[in-house]
There are 2 protein chains.
Amino acid sequence: MKNNVISGVKCTDCPIQHRAVCSRCDHAELMLLESMKKYRSFKAGEAIFWRGDDLTYVASVIEGVATLEKTMEDGRTQMVGLLLPSDFIGHPGRTRIDFDVTAASDVVLCCFDRAPFDQLLKDVPHISQRMIELAMDELDAARDWMLLLGRKTAGEKIATFVEMVVRRQHFDRKDGMRPDLVLPLSRGDIANYLGLTVETVSRQIGKLKSDGILEFIDKRRFRVIDLERLQQATGDDDDGGVIV
Amino acid sequence: MKNNVISGVKCTDCPIQHRAVCSRCDHAELMLLESMKKYRSFKAGEAIFWRGDDLTYVASVIEGVATLEKTMEDGRTQMVGLLLPSDFIGHPGRTRIDFDVTAASDVVLCCFDRAPFDQLLKDVPHISQRMIELAMDELDAARDWMLLLGRKTAGEKIATFVEMVVRRQHFDRKDGMRPDLVLPLSRGDIANYLGLTVETVSRQIGKLKSDGILEFIDKRRFRVIDLERLQQATGDDDDGGVIV
DNA sequence: CGCAAGGTTGAATGATCTCAACGTTTGTGG
DNA sequence: CCACAAACGTTGAGATCATTCAACCTTGCG
């Protein structure tokens, strides 16, 4: 059954409560949201929205990874957004979008019909405030991404991507453990993310391996052997000002 | 006198009233803004904010062109924002930014101190609503820009940039006249915008000239000879669905 | 088993960059 | 008003990095 729709899930149990668009809401507001929301599930590879579709709903990512992709007439594509749990899908005040939204892994979304959600943005300051913050965060990410696309070498792009994966997966763990990490995207999707070809992605990942910076269990699962050299390879000035 | 500060300007005479962050405001709200705002002027080339600076105020561009630029340790730079009149400078909810803001031409800003402005975002829904729209517009622009940086050829990048200049300047005229157009940026800034070098920009502009698509009066002023071929050269599917 | 999809590797090509020289415009002070 | 410097822009030749095209390997699945 495709696009399984579920309603009645409790907001108080929600794993993304503290970061999503609803994170500033009080109990009464959460009750309201709870009555409006519907969960939808997508299998890896399924389309969530097609470019030009009517945006009938907006959503928060609960679980999984979704991508935003732009396509040119001749088929060239560029990923322009990578949505992880707590990220927001949709475009308040607009009914269409100009990119495809796809489930890169199995995905669960918390959805709101668009028109009522636009009304919420007007009526509930806690939601519009948080919406502004989320939009600003995404703008910041987009700007880092532009620097990467415009000025970084293939090697720096790959290192930047891997370092981001390391940071986000490490961040999510509270137990201090360092389990094997997982690339959330296929080689093709990584190429798409970084403005490269699959072949170049493959070669550059190979280089991180042969340089002794990463170690791979299989195509997706890996460990970081030398975090410092990985960070150096990104070309960023990460630890600017950090005194150890 | 640098950073000339003026206050007491009337909002009702404001040329960007209908597009800026205040565009939804009613009369009473505009009166409030009028009492809070200060105009600041910057000469071409002057810094508006340095990366890492305390963001003491936010602002709308009244006149001129400002750029946002990211810089890497080794000096590589990438423009990540181009602000024209009515665009917003600042980062609600954050006190620092990670890029330089520079006046690319002489610029006039309508400024609000940051803390009181953050309060306005909480208290005045007309402002927070418009802020969301502006942020979403900028996200859309950022995504088009990512496609350009990641996948377009040098020739397509230049054509896309010129076509945007044509569209925005034409859009501003109501009299239907087609005066000479002006590149709002130097070759260096264009290179920075497009993720290219100055040399490549120069060669590709030369190509548009020798292909008979553009005609130059001087380095900055030009006319479009063949708009259709210019649009084709962008690689975009602009006129998708337009039936003439 | 055999095929399809995803991933790797190699060799050749080509677009863009780099470096260097030269031309042009702008603004400044004599 | 001219001379000059500095900033900006153009052009050429060669180097380089990523792409392209092609072959091959690996994995998962009917």
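Every chain is numbered from 1, with letters handed out A, B, ... down the list of sequences.
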Student: Could you state the CG-P distance from B:Leu196 to C:dT18, rounded to the nearest angstrom?
Tutor: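 Value for this atom pair: 11 Å.
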Student: Name every residue in residues 200-222 of chain A that has at least one heavy atom under 4.0 Å from any atom of DNA chain D, in order of residue number, or write none if there are no such residues.
Tutor: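 Of all residues in residues 200-222 of chain A, the ones placing a heavy atom under 4.0 Å from DNA chain D are A:Thr200, A:Arg203.
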Student: Please report the C-alpha distance between B:Thr77 and B:Asn192 in whole Å, then the side-chain angles of each, then the deciding distance to 0.1 Å, and finally whether the side-chain hydrogen bond (donor to acceptor under 3.5 Å, both in side chains) criterion is met.
Tutor: CA-CA 7 Å; B:Thr77 67; B:Asn192 224 208; 2.7 Å; yes
Student: Could you tell me how far apart A:Asp189 (CG) and C:dA5 (C1') are, to the nearest whole angstrom?
Tutor: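 Interatomic distance, CG of A:Asp189 to C1' of C:dA5: 13 Å.
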Student: Check this for me: does any side-chain nitrogen of one of B:Arg94 and A:Asp140 sit under 4.0 Å from a carboxylate oxygen of the other?
Tutor: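 Here B:Arg94 pairs with A:Asp140 in a salt bridge, since their nearest N and O are under 4.0 Å apart.
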Student: Quick one: are the ring centres of A:Phe112 and A:Phe88 less than 6.0 Å apart?
Tutor: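 No, the ring centres sit 6.0 Å or more apart.
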Student: Are side-chain heavy atoms of B:Arg203 and B:Lys207 found at a separation under 4.5 Å?
Tutor: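 Answer no - side chains too far apart.
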Student: Under 4.0 Å between any heavy atoms, over every strand shown, what does B:Gly195 touch: base, sugar-phosphate, or nothing? Just pick one.
Tutor: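 The residue B:Gly195 makes sugar-phosphate contact but no base contact.
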Student: Honestly, is A:Arg40 close enough over A:Tyr57, meaning NZ or CZ under 6.0 Å from the six-membered ring centre and within 45° of the axis?
Tutor: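 Yes, A:Arg40 sits over the ring of A:Tyr57.
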Student: Using chain B heavy atoms and a threshold of under 4.0 Å, write down where along DNA chain D the contacts begin and end, 5' to 3'.
Tutor: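 The contact span of chain B on DNA chain D goes from D:dG9 to D:dA13.
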Student: Tell me, with the steps shown, if A:Lys70 and A:Asp100 meet salt bridge (charged side-chain N to carboxylate O under 4.0 Å, His left out).
Tutor: CA-CA 7 Å; A:Lys70 292 213 157 224; A:Asp100 301 319; over 6 Å; no
Student: Within the distance-only criterion (no hydrogens, no angle test), does the side chain of A:Lys157 pair as donor or acceptor with the backbone N or O of A:Leu194 below 3.5 angstrom?
Tutor: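 It does hold such a pair.
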Student: From C:dT9, C:dT8, C:dT18, pick the nucleotide closest to the side chain of A:Arg187?
Tutor: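 Among the listed nucleotides, the one closest to the side chain of A:Arg187 is C:dT8.
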Student: Using a cut-off of less than 4.0 Å, is there contact between a side-chain N or O of B:Thr197 and OP1 or OP2 of C:dC17?
Tutor: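 Result: yes.
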Student: Can you check side-chain contact (heavy atoms from CB on, under 4.5 Å) on A:Ile205 and A:Arg187, steps first, answer last?
Tutor: CA-CA 10 Å; A:Ile205 289 182; A:Arg187 298 296 188 270; 3.7 Å; yes
